[in-house]
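Everything below concerns the one structure shown next.
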Amino acid sequence: MANLETQQLDNIIASRRNMITLGGAALATLAFASVAKAQTTTTTLTDADYLNFALNLEYLEAQFYTLATVGDTIDSLGVGIASGDTTVAGGTVTTKNANSYISCKVPFTNPLVSSYATETASEERRHVAFLRNALGTAAVAMPNIDLFNSFNTLASLLGLGLTSFDPFADDIHFLLGSYIFEDVGVTAYTGAAPSLTVTGNLAAAAGIQAVEAYHAGLIRTTIYGLDQAATTLGAAGTASAVASAISHLRASVDGSNSVTATNPDGDDVGLTTQTVALEGASSYTASTLVNASTTGSLFPATAAGGTSGSTTFARTAAQVLNIVYAGGAAGTGGGFYPMAMNGNVK
């Protein structure tokens with residue numbers, strides 16, 4: 001990373017609390033003023049529409065992980081990206097260095113991170129193939145995907161003084177790039193599940209959601225572990241602070257209104273520590289490696305201590321689009337999908 005960016009990141013730990021005190025509404029206003037929130041279409045949605053929405057997300061994840069591990073795109077490895085009926089060709093993938101895909105291959109130095117990345121790339125490609133097979137001729141083509149401008153835009157919105165971010169630079173940058181996707185994918189599947197009407201589709205979605213949750217947990221744990229010492233981002237604690245800023249931004253702009261004066265982080269929990277109560281004593285320190293909501297669970301249930309169950313919270317399709325479009329308008333797109341997703345949920 002450039003020296004200037006490193007200097008900027010050195011101030012993250014001290015500045016993050018000041019950023020949070022702006023409040024979710026203020027941050028969202030600064031970031032997305034005059035930009036329309038993304039919406040789903042008014043069409044009555046079917047199971048196929050929700051599965052195609054998931055397929056759009058899986059195209060994004062599969063391309064990211066495949067580029068990071070082999071320096072090429074999924075279609076070069078034999079994974080289909082055209083529409084199921086072959087009438088629409090797959091879109092393009094924008095990356096750094098004028099779409100030099102080989103330059104996206106991460107120079108991993110940590111065997112654990114490299115192994116995780118390779119495994120996840122394989123699993124995300126299988127998710128694409130599985131959903132395309134399930135949808136048959138109804139499968140949408142891969143939309144245009146941006147893995148360059150999108151990261152730079154999000155970096156500038158974190159409130160940390162960054163103007164660019166390269167998720168393919170090294171191990172910790174790759175993990176933070178992954179952090180953006182996986183938590184969103186878990187909440188997207190959780191939100192879509194109640195709308196599925198075919199038992200087989202629900203079972204399939206639950207299976208994929210579980211794997212995405214494994215991915216998210218591995219990413220969060222690995223970032224937290226590596227961040228106990230200095231990384232290329234800066235001193236110990238810097239990477240977790242960046243991850244927490246990403247979580248706060250997602251919660252602030254997704255339209256859920258979960259960020260409040262009494263809940264400044266919203267439902268999207270970052271990487272930090274918390275004080276928990278055990279046997280009546282509230283003096284035990286624990287991590288927040290699991291992105292489990294205590295205020296906005298899909299099925300709130302009063303639990304000990306007045307929380308609501310510590311379950312995975314849900315995002316609607318519109319809330320997911322608000323994040324991945326970086327505030328782009330409904331049907332128009334932006335962020336990771338510069339020309340919007342394909343299908344009826346876009």
Side-chain angles (χ1 to χ4, degrees), residues 1 5 27-28 30-32 35-38 53 55-68 71 73-74 81 90-101 103-106 117 120-121 124 128 142-170 172-185 187-188 219 242-243 245-255 268 315 317-342 345-346:
M1 177 177 285
E5 191 174 350
L27 181 58
L30 289 172
F32 295 146
V35 180
K37 291 286 186 179
F53 175 61
L55 178 58
N56 277 276
L57 295 173
E58 296 294 347
Y59 280 136
L60 172 63
E61 291 183 322
Q63 293 288 20
F64 172 74
Y65 285 107
T66 300
L67 282 162
T73 55
I74 63 174
I81 61 172
T92 60
V93 182
T94 300
T95 68
K96 65 179 183 178
N97 297 330
N99 300 339
S100 171
Y101 294 151
S103 70
C104 296
K105 187 175 181 180
V106 178
T120 303
E124 298 296 1
V128 170
M142 185 192 79
N144 288 347
I145 289 173
D146 189 321
L147 294 172
F148 176 64
N149 302 293
S150 54
F151 282 105
N152 292 338
T153 297
L154 288 175
S156 69
L157 298 176
L158 291 179
L160 303 176
L162 301 178
T163 58
S164 64
F165 184 84
D166 180 5
F168 304 112
D170 54 33
I172 198 67
H173 283 76
F174 162 77
L175 288 167
L176 287 167
S178 304
Y179 184 95
I180 295 172
F181 300 131
E182 295 295 349
D183 283 336
V184 174
T187 58
I219 292 166
V242 174
I246 292 170
S247 286
H248 185 70
L249 179 64
R250 290 186 308 213
S252 299
V253 303
D254 67 4
D268 203 323
R315 282 190 172 101
Q319 290 168 351
V320 172
L321 292 176
N322 284 336
I323 297 171
V324 298
Y325 284 2
T332 300
F336 295 104
Y337 300 93
M339 296 182 68
M341 290 185 176
N342 286 330
V345 183
K346 59 181 181 181

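If you read the sequence from its start, that first residue is 1, and numbering goes on from there. These numbers come from the heavy atoms of this one structure, side chains and all, not from hydrogens, waters or symmetry mates.
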Interatomic distance, [X] atom [atom1] to [Y] atom [atom2] [nearest 0.5 angstrom]:
X      : Y      : atom1 : atom2 : result
Leu60  : Ser150 : CG    : OG    : 8.0 Å
Asn149 : Ser164 : CG    : OG    : 11.5 Å
Asp146 : Thr153 : CG    : OG1   : 7.5 Å
Glu61  : Ile145 : CD    : CD1   : 10.0 Å
Thr73  : Gln63  : OG1   : CD    : 5.5 Å
Ile180 : Leu175 : CD1   : CG    : 12.0 Å

For [X], which residues count as a side-chain hydrogen bond (donor to acceptor under 3.5 Å, both in side chains) partner, sequence neighbours excluded?
X      : result
Glu124 : His127, His215
Thr94  : none
Asn97  : Ser103
Asn152 : none

- Apply the test ring-ring contact (aromatic ring centres under 6.0 Å, His included) to residues Phe64 and Phe174: give CA-CA distance (whole Å), side-chain angles for both, the deciding distance (0.1 Å), then the verdict. CA-CA 10 Å; Phe64 172 74; Phe174 162 77; 5.7 Å; yes
- Item | Flag, side chain of Asn144 to backbone of Thr92, donor-acceptor distance under 3.5 Å |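 Flag set: sc Asn144 to bb Thr92 pair under 3.5 Å.
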- Item | Check: Ala117 main-chain N/O paired with Thr120 side-chain donor or acceptor under 3.5 Å |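 Looks like no, no N/O pair under 3.5 Å.
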- Message: Run the ring pair (Phe, Tyr, Trp, His ring centres under 6.0 Å) test against Phe148 and tell me which residues pass, sequence neighbours left out.
- Response: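 Partners of Phe148 by the ring pair (Phe, Tyr, Trp, His ring centres under 6.0 Å) criterion come out as none, since no residue qualifies.
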- Results of side-chain contact (heavy atoms from CB on, under 4.5 Å) for Pro143 - residues two or more places apart only: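 Checked Pro143 against side-chain contact (heavy atoms from CB on, under 4.5 Å); matches are Asn56, Tyr59, Tyr337, Asn342.
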- With sequence neighbours left out, write down each residue that passes side-chain contact (heavy atoms from CB on, under 4.5 Å) with Ala121, or none if nothing qualifies.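 With sequence neighbours excluded, Ala121 shows a side-chain contact (heavy atoms from CB on, under 4.5 Å) to Tyr65, Thr66, Thr69, Arg125, given in chain and number order.
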- Please name the residue in the list Arg315, Gln319, Glu182, Arg250 that meets the side chain to side chain donor-acceptor pair (under 3.5 Å) test with Thr187.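 Result: among Arg315, Gln319, Glu182, Arg250, Arg315 is the only option passing the side chain to side chain donor-acceptor pair (under 3.5 Å) with Thr187.
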- Task: Please test Leu57 against Met341 for side-chain contact (heavy atoms from CB on, under 4.5 Å), starting from the C-alpha separation and ending with a verdict.
- Result: CA-CA 9 Å; Leu57 295 173; Met341 290 185 176; 3.6 Å; yes
- Message: Quick check: do His173 and Val106 have side-chain heavy atoms less than 4.5 Å from each other?
- Response: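 No, their side chains stay 4.5 Å or more apart.
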- Close side-chain approach of Asn99 to Val93, heavy-atom, < 4.5 Å: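 A side-chain contact is absent here, since even the closest heavy-atom pair is not under 4.5 Å.
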Can you give me the closest heavy-atom contact between [X] and [Y], atom names plus distance?
X      : Y      : answer
Ala317 : Val345 : CB-CG1, 3.6 Å
Thr95  : Ser100 : OG1-N, 3.8 Å
Pro167 : Gly177 : CB-CA, 4.2 Å
Leu176 : Ile246 : O-CD1, 4.1 Å
Cys104 : Phe168 : O-CD2, 3.1 Å
Val320 : Ala188 : CG2-CB, 3.6 Å

- Message: Counting the benzene-type ring for Trp, do Phe181 and Phe336 have ring centres under 6.0 Å apart?
- Response: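 Yes, ring centres under 6.0 Å apart.
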- Message: What verdict does the side-chain contact (heavy atoms from CB on, under 4.5 Å) test give for Leu249 and Asp268, after you've listed the backbone C-alpha separation in whole Å, the side-chain angles of each residue and the deciding distance to 0.1 Å?
- Response: CA-CA 9 Å; Leu249 179 64; Asp268 203 323; over 6 Å; no
- Task: Would you check if there is a donor-acceptor pair between the side chains of Thr332 and Tyr325 at a distance under 3.5 Å?
- Result: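 Not at all, the side chains of Tyr325 and Thr332 share no donor-acceptor pair under 3.5 Å.
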- Check step by step if side-chain contact (heavy atoms from CB on, under 4.5 Å) holds for Asp254 and Ile323. CA-CA 6 Å; Asp254 67 4; Ile323 297 171; 3.9 Å; yes
